[in-house]
Amino acid sequence: MISQYEQSRQANIEKNAALLKSLGLDKPAFEPKEVLRKPKAVPPRKRKQSATVDEDDEGPAVLEEPPSKAQRIEPQDLKEGSGVRRSSRNAGKAVDYKGEILRASLVPLAYSSGVKTTENTGPLGREEGPRKHNPKTYGHIPGVAVGTWWESRQGCSVDAIHAPWVGGISGGPNGAYSVALSGGYDDDVDLGYAFTYTGSGGRDLKGTKNAPKNLRTAPQSSDQSFENTFNKMLKRSSETKKPVRVIRGFKLKSKYAPSEGYRYDGLYTVEKAWMEKGLNAKGYLVCKYAFKRLSGQAALPVRIVDEEDNQDPVTTPEATSKSR
DNA sequence: GGGCCCGCAGGG
DNA sequence: CCCTGCGGGCCC
């Protein structure tokens, strides 16, 4: 039987999906010529028109794509790995179990997740060190290709793709610079080329005086609003239509989520901002946004969860079996 | 698995 | 300085 939570979730997902459809975002606005079979000379023109880097345009962001065939990963590997997706910072920690299998099949995993380049490794060969670029800019970051993958949010920050280590939204007066999709809200819909996103705020991070929490994330405990700094920035994005960098994380429940770590998925615009009842016990209001992927970017890798079921609103295997 | 605490980057 | 936030490590 279906839990109450799951029921509400499905209902919200349907509403979000309907909204995307009403905006014409239920299917790609373009035929993914991105799915290049053979790397016949990448048309140099298309990068210029849409995936444009705002104002400054030094070093056209590399839009080269990872080998497309490598998008598949062994289904059994994925299954094995699904229990140990904890961002793989297992160094020095019990390394036994399935983690090793993950490690062993690093190549297909890397492709499914994105590509790790030398550009995003710090001086120690890790995801740390000083920034070379300013994250407070709109559009691509020079030298960071769509599909670039990091083990943790720190790497995204160092490479100026998404500055905050925790926060989902980064931005300024003319709109958001970047957002992170990391499964914080279970009723967001992800179609890859479009998705719905939930704003921030309305969570009780500090607890009470007697029971201080000092958390970084927490359940919804009040309404969100567009007065919230970050929600305001995203709303602004829907007006200015400035491109927003998007990263997807391993916690996201979507077939477009990397199996581990975080991946840069390129530029999107915010097509609409609205409010609705969120997925929480009291039905607190949340700010929602519809994102649309700009054309002419490298194809998104797709997780093969099941040979059959590769439908759109994907729930992870464990999510379906678990009730709340 | 869940709970807790922490550093950190950003915005005001 | 203050506050926040779709992390992450650790301990149980």
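Letters go in sequence order (proteins before strands), and every chain restarts at 1. Remember, predicted model here, so these are calculated numbers, not experimental data.
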*asked:* Closest-nucleotide mapping onto DNA chain B: is A:K136 or A:L215 further toward the 5' terminus? I mean the 5' end.
replied: A:L215
*asked:* Using modelled atom types and a 3.5 Å cut-off, is there a donor and acceptor pairing between side-chain atoms of A:Q220 and backbone atoms of A:L279?
replied: no
*Answer yes or no: is there a donor N or O on one side and an acceptor on the other, between the side chain of A:K241 and the main chain of A:S238, under 3.5 Å?*
yes
Tell me whether the OP1 or OP2 atom of [N] has a side-chain N or O from [X] closer than 4.0 Å.
{"X": "A:K251", "N": "C:dG7", "answer": "yes"}
{"X": "A:S182", "N": "C:dG7", "answer": "yes"}
{"X": "A:Y262", "N": "C:dG8", "answer": "yes"}

We want to know whether [X] and [Y] form a side-chain donor-acceptor pair, criterion being a heavy-atom distance below 3.5 angstrom.
{"X": "A:S254", "Y": "A:R303", "answer": "no"}
{"X": "A:S295", "Y": "A:Q297", "answer": "no"}
{"X": "A:E14", "Y": "A:Q10", "answer": "no"}
{"X": "A:Y5", "Y": "A:D186", "answer": "yes"}

*Which range-with-range stems can be found for DNA chain C when each stem has 3 or more Watson-Crick or G-U pairs in a row and both distances sit under 3.5 Å?*
B:1-6 with C:7-12, B:8-12 with C:1-5
Would you be so kind as to tabulate the donor-acceptor pairs closer than 3.5 Å made by side chains of residues 169-184 of chain A, with sequence neighbours excluded?
from	atom 1	to	atom 2	distance (Å)
A:S178	OG	A:I161	O	3.4
A:S178	OG	A:H162	ND1	2.7

*Under 3.5 Å, is there an N or O donor on one side and an acceptor on the other linking the side chain of A:D188 and the base of C:dC6?*
yes
*Which nucleotide sits closest to the side chain of A:F250: C:dG8, B:dA9, B:dG11?*
C:dG8
*A:R131 side chain: which of C:dC6, B:dG10, B:dG12 is closest?*
B:dG10
_Through direct or indirect side-chain contacts below 4.5 angstrom among Ile, Leu, Val, Met, Phe, Trp and Tyr, which residues connect to A:V286?_
none
*Residues of residues 163-176 of chain A with any non-hydrogen atom less than 4.0 angstrom from an atom of DNA chain C: list those, numerically ordered, please.*
A:W165, A:V166, A:G167, A:G168
Just the table, please: protein N/O against nucleotides 1-4 of chain C N/O, every pair under 3.5 Å.
from	atom 1	to	atom 2	distance (Å)
C:dT4	OP1	A:K206	NZ	3.4

*In chain order, what residues pass the salt bridge (Lys or Arg N to Asp or Glu O under 4.0 Å) check against A:R203, with sequence neighbours excluded?*
none
*Is A:K288 salt-bridged to A:D188, cutoff N-O under 4.0 Å?*
yes
